[in-house]
Each structure stands twice: as C-alpha cells, then as structure tokens.
Amino acid sequence: MKIATFNVNSIKARLPRVLEWLEAAQPDVALLQELKCEEAGFPGLEIEALGYKAEVLGQKSYNGVAILSRHPIEDVRRGLPGADEMGEDADQARYIEATVRGVRVASIYLPNGNPTPGPKFDYKLRWMARLKTHVEETLLPSEQPVALGGDYNVCPTDADVYDPEGFADDALCRPESRAAFRALVNLGLTEAWRALHPNAEGKYSYWDYGGGAWQKDNGLRIDHFLLSPQAADRLVACEIDRTPRGKEKPSDHTPVVVELQAG
DNA sequence: ATGGTGGAGGGTCCA
C-alpha cells in the first residue's frame, strides 16, 4: 500500500498539480495539508473522478487537512484531542485520522511556530505535546499499524537543513522543536525516510518560493511519516518525489511517499 | 532596509 503526504498550499490553486500527481503516482492513500478552504469549497468531484474518496477537515483561508483514498475510509476522527481543555484551536483544522485497509492513517499539519520566541511558538510546542499524548494514550495501545504523515514543520537534525546556522533560531530547527519531535519518535515510532536513508544529507521536501531557493536547492526536510511498530514492520520504501515541485505554479512542498507491504 | 514570493481575501495574516 502506497501512502503519500503532500502540503498543497491551497487545494483550489493547486488542483491541476494535484490531479496530475495523483494520476502519475497512483497512491492508495494521499494525506493533504494546507487546503485553505472549507469543506464546501473542496473540489471533491474532480478528485472522485480519479477514483478517490475524500474525508476533509476544512477551514477558511488557513490550514485544512484531508485524507484521500482509493479504498473505503472508516472511523474518521476530526481534530486532535485536548483542544477544549486547553481552550484553544477548536478552529484550527490541523488533524484528521481514519482507517484504510486496517491501517490507521493521519494527516498532520503541525503549527509553524514562527516567530520565536512568542505565543505562536508556545502554541506549536503545546500542539506537539497533545500529539504525543494522543499517540501514547490511544494510537500505540491499539497495537495496529499506524502511519502519521504530514507537514511537521520540524527539521529533525542539521542534516535536514540547507543552512543550519541561518536557521538555528527558526521554529523549524529550534532545540525545543527537535526535542519534542524526538520525544514523539522515542515513544516507539519510526521516522520512515530516515530509517531507510540513515546517512543521507541535503534531501528536502520544502523550498521557499523566494530567492531562487528551488534552483539553488536551498531546502528543508519537514514533511515526515512516523510509523507505529506494526507499520514499521511492513515498511519497504520511502521516497521524496521532487517532480511536482519543478512544475509551473507548484506548491512550495513536494510529496513524500511510503510503501507498506500487504498486511 | 524590505518576505526578495505566494495564497486568501479584500485588512492584513500566514508561511
């Protein structure tokens, strides 16, 4: 089963790119982030025409996540637990989770957190703590294959940044962000791409629109898959598909794809 | 010096 994650930076602006990518890559499941529209504005008909069902958590202008699948989508959860108790982000559409063919998948759009320090950075760290709690209390105890894909807005190490010194105080690279990401992984998850490419450097999933970043390959690796042990046992491949980033009117991110053996 | 670019929406905010 091929599962992809793709931050599209507006599903409406990106629809031609997304449709041609789905046709070329043929993922079984596609986890999308930054839809920047409400459910009613989601282009479901065009996506259904390619054979995909869609479950969407939308929001006007910002955020928005979706799960697309060629197979039935079951037991959908919209939103990360813990928002109400913290009195925040009931309106931020950053998490959707469902089961496809026995695999629990989630589409994650983690807060960016810039500038640091500040309230947005604090919010990012609180959101990461909530994600950790959900993984710890619900997902891992299920003992099911779980694949958490998305835009984590974290470069796990300096090997994942084109300019580590320049980004030292960026929310994507701050020690607090990396520590929270490590704490999540150290619950017993596997970071799929790094597990299969342990010594790789300079492999990115995001390039800023400005400054000729794509042409200079000034990128960051911030889009990841975290797998439960039951999913990691089935991991056979994880690749970054750079093709969509080089097209006209691209997203600033490019897809990451994992392949899991049949269960 | 200045996000130098892009998306949403119609102000600026966000990344």
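As the structure is a computational prediction, the values presented were derived from the model and not from experiment. Throughout, a chain's letter reflects where its sequence line sits, starting with A, and its residues are numbered from 1.
- Nucleotides B/dG9 and B/dC14 place their C1' atoms 13 Å apart, quoted to the nearest Å.
- Taking atom CD of residue A/Gln59 and atom P of nucleotide B/dG9, one finds them 11 Å apart after rounding to whole Å.
- Of all nucleotides listed (B/dG9, B/dC14, B/dG7), B/dG7 comes nearest to the side chain of A/Asn9.
- Note on A/Lys36: every side-chain N or O is 4.0 Å or more away from OP1 and OP2 of B/dA15.
- Judged by distance alone, the side chain of A/Arg94 and the main-chain N or O of A/Val65 form no donor-acceptor pair under 3.5 Å.
- Remark: P of B/dA15 and CG of A/Asp170 are 12 Å apart, rounded to the nearest angstrom.
- Counted by atom type alone, A/Lys36 and A/Asn9 present one or more donor-acceptor pairs between their side chains at under 3.5 Å.
- Comparing B/dG3 with B/dT12, their C1' atoms sit 14 Å apart, to the nearest whole Å.
- By the 30° and 60° cut-offs, the orientation of the rings of A/Phe6 relative to A/Trp21 is perpendicular.
- A/Asp208 comes within 4.0 angstrom of a nucleotide base, judged by non-hydrogen atoms across all strands.
- With rounding to whole Å, A/Trp207 atom CH2 is found 23 Å from B/dG4 atom P.
- To the nearest angstrom, P of B/dT5 lies 12 Å from CD of A/Gln215.
- Among the protein residues, A/Tyr206 comes within range of no part of the nucleic acid, since none of its heavy atoms lies under 4.0 Å from any strand.
- Between the NZ atom of A/Lys216 and the P atom of B/dG4 there is a distance of 14 Å, rounded to whole Å.
- The A/Ser10 side chain lies nearest to B/dA8 when the options are B/dA8, B/dG6, B/dG9.
- For the C1' atoms, the distance from B/dG4 to B/dG10 is 24 Å, rounded to whole Å.
- The side chain of A/Tyr62 sits closest to B/dC14 out of B/dA15, B/dC14, B/dT5.
- Between the CG atom of A/Leu35 and the P atom of B/dA15 there is a distance of 15 Å, rounded to whole Å.
- Sequence order on DNA chain B of the closest nucleotides to A/Lys60 and A/Lys120 puts A/Lys60 first from the 5' end.
- Taking atom OH of residue A/Tyr209 and atom P of nucleotide B/dA8, one finds them 10 Å apart after rounding to whole Å.
- The A/Tyr109 side chain lies nearest to B/dA15 when the options are B/dG7, B/dG9, B/dA15.
- Side-chain contact check for A/Val135 versus A/Leu148: some heavy-atom pair is nearer than 4.5 Å.
- Using a 4.0 Å cut-off on heavy atoms, the residues of residues 11-21 of chain A that approach DNA chain B are A/Ala13, A/Arg14, listed by number.
- Of the charged side-chain nitrogens involved, at least one lies within less than 4.0 Å of a carboxylate oxygen, so that A/Glu55 and A/Arg78 count as a salt-bridged pair.
- A donor-acceptor pair is defined here as one N or O able to donate and one able to accept, closer than 3.5 Å; no such pair exists between the side chain of A/Arg17 and the backbone of A/Glu20.
- Between A/Glu191 and A/Arg221 a salt bridge is recorded (basic side-chain N to carboxylate O distance below 4.0 Å).
- Atoms CG (A/Asn112) and C1' (B/dC13) sit 13 Å apart, rounded to a whole Å.
- Apart from A/Trp207 itself, the hydrophobic cluster it occupies contains A/Val161, A/Tyr162, A/Phe167, A/Leu172, A/Tyr204, A/Tyr206, A/Trp214, A/Leu220, A/Ile222, where clustering links Ile, Leu, Val, Met, Phe, Trp and Tyr at side-chain heavy-atom distances under 4.5 Å.
- If you take atom P in B/dG6 and the same atom in B/dG11, they sit 23 Å apart, rounded to whole Å.
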